[in-house]
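What follows is a set of notes on a single structure, which appears directly below.
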Amino acid sequence: PVSSRHIKTLVEAHEDCVNNIRFLDNRLFATCSDDTTIALWDLRKLNSKVCSLHGHASWVKNIEYDTHTRLLVTSGFDGNVITWDTNRFTEEGCPHKKFFHTRYLMRMRLTPDCSKMLISTSSGYLLILHDLDLTQSLEVGSYRILRARRAPLSTGTYIKFISRYQVGGIPFYSSVHILSSEGLSPRNSLEVLTPEIPGERDRGNCITSLQLHPKGWATLLRCSSNMDDQEWTCVYEFQEGAPPRPPVSPRCSLRLTHYIEEANVGRGYIKELCFSPDGRLICSPYGYGVRLLAFDEHCAELVDCMPVRTALLREIRSIYSHSDVVLTSKFSPTHCQFATGCLSGRVALYQPHF
């Protein structure tokens with residue numbers, strides 16, 4: 001990553017777009033694709049795949065990895081989150097099972113300690129699974145079932161609704177929890193949230209990009225308006241045990257701490273933003289370039305500059321080096337460097353001048 005020297009090209013790695021790459025350890029990595037498959041690769045033998053994983057029925061967009069259980073976790077536009085047991089892979093694949101299903105699924109992330117799973121949707125909802133146990137599957141239906149009635153999940157569990165409100169005479173619930181019949185929270189308790197969208201009287205209709213603070217303090221979202229004519233980058237505090245804050249809305253159980261409006265260039269394309277490894281900077285695609293954003297002008301830690309009221313993110317630097325719309329950005333986890341990729345396929349690497 002420092003010299004940008006070309007090492008290897010994996011020709012025909014997939015039959016369609018490659019959407020995500022995830023290292024599992026210092027030699028194994030996984031790729032997922034719009035061809036509905038996931039592939040495992042070994043750096044020591046890149047001439048062929050270790051195996052191909054089949055289980056999704058639509059584009060696979062996201063890969064996560066639980067280091068505790070060594071389970072690979074993938075999500076796709078078929079609405080499924082699937083776990084794969086990489087402890088027992090063969091040339092034919094890995095044992096797998098459907099962990100969770102929901103309509104309109106866009107992105108899925110695990111917190112750094114793998115204790116929570118966050119799922120964003122194109123319908124503007126954010127789902128949080130608390131006290132995560134990936135060895136258990138959740139049979140949860142659509143959002144209509146979650147909103148409309150109490151639905152049984154399995155023996156001894158049920159869904160409990162809280163924070164009821166109405167929009168245009170239609171009842172909604174800002175938080176949904178799965179509780180055990182004994183009244184104690186079980187593993188995989190589910191919370192359904194409707195994040196506050198700046199400038200929107202109604203819910204934003206799409207959460208396109210979802211990232212987590214590297215220390216698990218907050219979630220970073222790219223949101224679009226109902227009319228798809230505005231975009232925002234938003235930071236929400238969501239960790240348990242956080243000090244109580246003034247509510248920003250009666251329908252919001254997340255706290256919006258920082259936000260900034262985006263350019264909304266390249267309408268309809270998903271723009272992937274990211275945190276720096278220390279969580280002090282945000283790299284956000286902005287038209288034909290990117291902006292480096294911070295919580296204050298000193299690039300302080302989030303916990304050291306938590307505002308009493310929602311504040312604007314500070315623009316530290318804007319960089320325009322592409323000839324097409326930038327769709328993705330990523331900081332290096334080990335080098336003082338970040339990369340951006342644009343719609344025409346060009347990748348650019350950046351590092352500071354000292």
Side-chain angles (χ1 to χ4, degrees), residues 109 112 118 120 126 195-200 204 207-225 229-239 242-243 245-249 252 254-266 270-322 325-333 335-342 348-354:
R109 302 288 182 208
L118 278 75
S120 65
L126 182 67
E196 178 82 0
I197 306 299
E200 283 286 288
I207 302 173
T208 55
S209 181
L210 167 67
Q211 297 292 338
L212 295 179
H213 191 279
K215 297 180 182 178
W217 294 337
T219 181
L220 177 65
L221 304 181
R222 187 73 166 249
C223 306
S224 64
S225 66
D229 58 348
Q230 288 178 288
E231 282 187 318
W232 298 271
T233 289
C234 304
V235 179
Y236 296 89
E237 181 186 37
F238 76 94
Q239 65 185 98
R245 306 285 184 181
V248 294
S249 164
C252 182
L254 282 175
R255 182 186 180 237
L256 176 64
T257 63
H258 298 80
Y259 75 96
I260 194 168
E261 189 167 353
E262 297 288 1
N264 198 35
V265 176
I270 296 172
K271 291 92 175 181
E272 297 284 4
L273 30 69
C274 63
F275 277 111
S276 62
D278 60 4
R280 293 171 180 256
L281 284 174
I282 295 167
C283 187
S284 177
Y286 191 78
Y288 286 18
V290 292
R291 293 192 294 184
L292 294 180
L293 308 170
F295 302 113
D296 67 7
E297 63 275 15
H298 305 296
C299 298
E301 293 268 16
L302 175 60
V303 293
D304 295 331
C305 55
M306 190 68 75
V308 175
R309 298 182 181 274
T310 303
L312 287 174
L313 288 165
R314 301 295 184 95
E315 183 178 334
I316 303 300
R317 178 84 182 271
S318 294
I319 305 172
Y320 300 97
S321 57
H322 287 275
V325 179
V326 175
L327 300 182
T328 187
S329 59
K330 194 71 175 179
F331 276 93
S332 166
H335 297 82
C336 193
Q337 188 180 65
F338 69 92
T340 60
C342 72
L349 296 173
Y350 312 82
Q351 55 191 31
H353 294 290
F354 293 106

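In this text the structure is predicted, and so the values were computed from the model without any measurement.
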CZ-CG distance between Arg109 and Leu220, expressed to the nearest 0.5 angstrom = 10.0 Å

inquiry  = To the nearest 0.5 Å, what is the distance between OG on Ser284 and CD on Glu272?
reply    = 11.0 Å

request  = Can you see which heavy atom on Ser329 is nearest to which on Cys283, and at what distance?
outcome  = OG-O, 3.2 Å

remark   = Tested for side-chain contact (heavy atoms from CB on, under 4.5 Å) against Val235, the lone hit among Leu256, Thr219, Ile282 is Ile282

key: From NE2 (His322) to OG1 (Thr340), nearest 0.5 Å   = 2.5 Å

request  = Output yes when a side-chain donor or acceptor of Tyr236 lies under 3.5 Å from a complementary backbone atom of Glu196, and no otherwise.
outcome  = yes

message = Strictly below 4.0 Å, N to O, side chains only: are Lys215 and Glu301 in salt-bridge contact?
response = yes

N/O donor-acceptor pair under 3.5 Å between Arg291 side chain and Glu315 backbone = no

ask   = What distance do Trp232 atom CH2 and Leu221 atom CG have between them, rounded to the nearest 0.5 Å?
value = 13.0 Å

query = Are the side chain of Asn264 and the backbone of Glu231 linked by a donor-acceptor contact shorter than 3.5 Å?
reply = no

ask   = Do side-chain atoms of Arg222 reach the backbone of Pro285 as a donor and acceptor pair under 3.5 angstrom?
value = yes

ask   = Who are the side chain to side chain contact (heavy atoms under 4.5 Å, CB included) partners of Pro352, not counting sequence neighbours?
value = Cys336, Phe354

message = Is it the case that atom CZ in Phe331 sees more than 12 heavy atoms from other parts of the structure closer than 6.0 Å?
response = yes

remark   = In terms of heavy-atom contacts, Arg280 and Ala300 come closest through NH1-CA, 3.8 Å

note = Nearest heavy-atom approach of Pro277 to Ser332 is CG-O, 3.2 Å

task = Supply the atom-to-atom distance Ser209 OG to Leu327 CG, rounded to the nearest 0.5 angstrom.
result = 11.0 Å

message = Go through it in stages, so that I can follow the logic: the residues are Tyr288 and Val325, the test is side-chain contact (heavy atoms from CB on, under 4.5 Å), and I'd like the CA-CA distance, side-chain angles, deciding distance and then a yes or no.
response = CA-CA 5 Å; Tyr288 286 18; Val325 179; 3.6 Å; yes

key: Trace of the ring pair (Phe, Tyr, Trp, His ring centres under 6.0 Å) decision for Tyr350 with Phe338   = CA-CA 5 Å; Tyr350 312 82; Phe338 69 92; 4.6 Å; yes

message = How close do Phe295 and Cys305 get, counting heavy atoms only, and between which atoms?
response = CB-SG, 3.3 Å

task = Could you go through the side-chain contact (heavy atoms from CB on, under 4.5 Å) check for Glu261 and Gln230 one step at a time?
result = CA-CA 8 Å; Glu261 189 167 353; Gln230 288 178 288; 3.1 Å; yes

request  = Looking only at non-hydrogen atoms, find the nearest pair between Asp296 and Ile316 and report the distance.
outcome  = O-CD1, 4.1 Å

ask   = Nearest 0.5 Å, what's the CG-NE2 distance between Leu349 and His335?
value = 11.0 Å

key: Under 3.5 Å: donor-acceptor pair, side chain of Thr257, backbone of Glu237   = no

remark   = Nearest heavy-atom contact between Arg317 and Ile319 is CG-CG1, 3.9 Å

